[in-house]
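Notes to accompany the following structure.
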Amino acid sequence: MIIDEVKVYFKAGNGGEGSFSSMKYSARRVIGGGGDGGRGGDVILKVSPHLSDLIKFNERRKFVAEDGEKGKQFNKKGKHGQTLFVYVPRGTQIVDLEGNLIIDLNEDNQEYLICNGGAGGKGNFKKLYNLPAQNGEEKEVILYYCIPNDVAIAGFANNGKTSLFNKLTGKSYTVADYPFTTRACVWAPVELEFRKFTIMDTPPVKKNVKNIYHENSFLKHLFRSKIILLVSDSPDSLKDEYAALKKEISSFDKLLLRGKKIFYLLNKVDKMDKNALDFKGIIPVSTVDGTGIEELKKKIIRALKGISRKAEEQNS
Ligand SMILES: Nc1nc2c(ncn2[C@@H]2O[C@H](COP(=O)(O)OP(=O)(O)OP(=O)(O)O)[C@@H](O)[C@H]2O)c(=O)[nH]1
Ligand SMILES: [Mg+2]
């Protein structure tokens with residue numbers, strides 16, 4: 001199982017206190033000689049390409065950066081606290097406890113300063129007084145890991161989603177003739193026609209569930225998908241099945257399907273009478289005899305190219 005949701009506490013370092021000490025400056029005047037305190041260390045979240053879920057946060061949920069050192073006499077400044085880097089996988093969203101998105105960390109090596117270190121206190125060097133240090137910021141947030149995938153495969157149980165995933169990616173995840181074989185999302189990189197992208201397989205969508213956020217919680221990983229392959233193996237109730245599937249996905253979050261390219265796949269056509277089927281708007285495939293697989297790959301590449309072109313036009 002991947003860990004995709006954790007509550008974590010971050011605290012930046014407190015500033016070091018400014019020193020208060022007297023220093024004889026001349027025979028007539030005695031003035032301060034206390035140095036400034038050091039700044040507290042910041043907490044920075046940084047995307048690591050080596051992580052692929054939030055499991056490391058199971059061991060540790062509290063991250064506190066180093067405090068700044070106190071200032072010393074003879075105007076010696078305290079050392080700054082060290083910045084604490086906390087590594088997260090690409091695809092981590094930082095959300096506050098009210099559910100508001102703070103930042104979506106979806107680029108390799110992207111950094112986000114989550115807690116500012118406290119300023120050090122001012123020492124009384126050349127002054128009669130010193131100024132207090134400030135505390136470092138603290139925050140409790142939820143980290144959501146949302147798998148960065150370009151193409152997601154989704155559907156009800158046992159219709160060949162994992163078989164299709166294996167066919168497209170060259171992987172060999174378990175395929176079996178019973179429902180709910182796949183328990184968690186898996187993803188793999190693919191390179192086709194010099195284009196690299198990621199395909200994700202998902203567990204089956206459960207129908208008529210009482211608590212969709214609990215029972216179909218994996219659906220949140222469709223958030224980043226650019227293309228969704230809706231798979232069915234029931235030619236007789238094809239349209240109804242796609243509609244039911246889209247209803248389930250949208251009732252999890254209506255944004256999951258918005259603006260996405262959707263391909264409607266009918267799998268297992270090797271055991272169907274092709275002449276009796278109406279393939280309008282449908283992509284017929286078979287992971288057993290390979291029907292439609294090459295065409296599907298071409299369609300995916302074409303759609304991805306179109307999506308990147310659109311994004312470039314919007315950015316220019
Ligand atoms: N005839 C035929 N059988 C297929 C085809 N693709 C998959 N199957 C069979 O369908 C059954 C289910 O395949 P899976 O790939 O595990 O299906 P799934 O949709 O991932 O199943 P869940 O993870 O349980 O939802 C297995 O017995 C496969 O061998 C196909 O193209 N033709
Ligand atoms: Mg499966």
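Quick note: residue numbers are just sequence positions, from 1. Both counts, for ligands and for their atoms, begin at 1 and track the order of listing.
Closest to atom 12 (C) of ligand 1 among all protein heavy atoms lies N158 OD1, 3.1 Å. Closest to atom 23 (O) of ligand 1 among all protein heavy atoms lies T182 OG1, 2.9 Å. The single protein non-hydrogen atom nearest to atom 16 (O) of ligand 1 is A176 N, 3.2 Å, given as residue, atom name and distance. Nearest protein neighbour of atom 17 (O) of ligand 1, counting heavy atoms only, is G160 N, 3.0 Å. Nearest protein neighbour of atom 29 (O) of ligand 1, counting heavy atoms only, is V175 CG1, 3.8 Å. The protein heavy atom nearest to atom 25 (O) of ligand 1 is K161 NZ, 2.7 Å. The protein heavy-atom contact nearest to atom 2 (C) of ligand 1 is V288 CG2, 3.5 Å.
Considering backbone and side-chain atoms alike, V285 places every N or O at 3.5 Å or more from each N or O of ligand 1. In terms of polar-atom proximity, defined here as any N/O pair under 3.5 Å, K271 makes no such contact with ligand 1. At least one N or O atom of D270, backbone or side chain, sits closer than 3.5 Å to an N or O atom of ligand 1. Residue contacts with ligand 1: D201 is placed with no nitrogen or oxygen under 3.5 Å of a nitrogen or oxygen of the ligand (distance criterion only).
At least one N, O or S atom of T182, from either the backbone or the side chain, sits less than 2.8 Å from the Mg ion (ligand 2).
The shortest separation from a heavy atom of F165 to ligand 1 is not under 4.0 Å, leaving the residue out of contact.
For atom 7 (C) of ligand 1, the candidate residues are P203, P204, S286, S163; the nearest heavy-atom contact is made by S163.
The side-chain heavy atoms of L164 and N267, taken from C-beta on, include no pair separated by under 4.5 Å.
If you number the atoms of ligand 1 from 1 as listed, the ones under 4.0 Å from a heavy atom of A157 come out as 25 (O).
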